[in-house]
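In the text below, chain A, chain B and the rest are named by the order of the sequence lines, each starting its count at 1.
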Amino acid sequence: MSELPDPGWQVLPREFYRRHPAEVAPELLNKILVRSDGRAARIVEVEAYAGSEDPAAHSFRGPTTRTATMFGEAGHLYVYFTYGMHWGSNAVCGEVGQGYGVLLRAAEPLLGVELMRQARPRARRERDLASGPGKLSQAFGITGAFDGADLVGGDRGLWIACDGTPPPDAPVVGPRIGISRAVEFPWRWHVPGHLHVSVPPRRR
DNA sequence: ACGCCGATATGCT
DNA sequence: GCATATCGGCGTC
C-alpha cells in the first residue's frame, strides 16, 4: 500500500517517532503529510505534548477512552475533537504507555489543492487552507475516523514522508497556543518566516 | 489587532 | 451535572 504520489518520497520509519516529542517535533518540520487521494502538504508548524510530564497534554492524567491512541504505538495518528467543531491531528511518539505526541499545527499545500479547497470552501487564500490545527485536519478530511491510523504502514491511506528537504537549521521556538496550562513550555516550532503558519510573519 | 461566539465530546467533581 | 477544550470565522476597530 505504498501509493505515495511521488515515488521519490520516503515514508518516515517507526523509529523516527520512538523518541521524546520535543525531539521529534522540530524534525517533523519540512516533512510531508500525504493522503492516498493525492493530497500532500509540507508541515511547517508543530507542537509537542509530553504525557505525564506535561500538564497541558490530554494524556497528563493517564489513559482515558479518548486518549487511548496516544498511549499506543508510536507512528500512529491521535485525532481529537474540540470546541464542538474542530479536529486536531497528532503523531504519537515515544514508547507505548508514555502518552507522547506532536500536534500538527500548520502545513503548506503541495498537491491536491483542489480537494483541500473543496474540504474548506470558506478558505479564501491558499495560505488559509491548513494554517492551523483545525484547518489542517479539515483540509485533509481528517476526522475521528482517522484516529489510530498508522502513519508508517498507511492502513488508512495517510502517511508522513520526506522528500529530502531537511528540517530548518534554526526553527523558531515559542510558547504553545490555545492552552491554559504549561503555556510556558517552549514546545511550539515553526519554519522561520513561513507564510503558511498559524501566526504568519508580520508584513514589513 | 482584537473580541466574540459557535456547538459538543470528554472527563472530572 | 458542568467547565473546559492542543480553534476558526467573522465582525469591529
Atom-to-atom span, OH of A:Tyr78 to P of C:dA5 - whole angstrom: 13 Å
In terms of side-chain heavy atoms of A:Met85, which of B:dG11, C:dC7, B:dG6 is nearest? B:dG6
Give A:Tyr83 one of three labels, base, sugar-phosphate or nothing, depending on what nucleic acid heavy atoms sit under 4.0 Å from its own. base
Does A:Arg120 make a side-chain N or O approach to OP1 or OP2 of C:dG9 shorter than 4.0 Å? yes
Across the strands shown, which category fits A:Arg61 at heavy-atom distances under 4.0 angstrom: base, sugar-phosphate, nothing? sugar-phosphate
Considering only B:dT10, C:dA5, C:dG8, which nucleotide approaches the side chain of A:Arg66 most closely? B:dT10
From the list B:dC12, C:dA5, C:dC10, which nucleotide is the closest neighbour of the side chain of A:Arg124? C:dC10
Do any N or O atoms from the side chain of A:Arg18 and from the backbone of A:Gly75 form a donor-acceptor pair under 3.5 angstrom? no
From C-beta outward on A:Arg122, which listed nucleotide comes closest to its side chain: C:dG9, B:dG11, B:dG6? C:dG9
Using the side-chain heavy atoms of A:Phe81, tell me which of these nucleotides is nearest: B:dA7, B:dT8, C:dG8. B:dT8
Closest listed nucleotide, where the reference is the side chain of A:Lys135 and the choices are C:dG9, B:dG11, C:dA5: C:dG9
Measure up the A:His20 and A:Trp187 rings against each other and bin them: parallel (under 30°), tilted (30 to 60°), perpendicular (over 60°). perpendicular
If you look at every strand shown and take non-hydrogen atoms under 4.0 Å, does A:Gly88 touch a base, only sugar-phosphate, or nothing? nothing
For A:Trp87 and B:dT10, give me the distance from atom CH2 to atom P, rounded to whole Å. 8 Å
Atom NE2 of A:His86 to atom P of B:dA7: distance rounded to whole Å? 11 Å
Donor-acceptor contact present, side-chain A:Arg14 to main-chain A:Ala74, <3.5 Å: yes
For C:dG9, give its Watson-Crick or G-U wobble partner with both distances under 3.5 Å, or none. B:dC4
Is any side-chain N of the basic residue among A:Glu47 and A:Arg105 closer than 4.0 Å to the acidic one's carboxylate O? yes
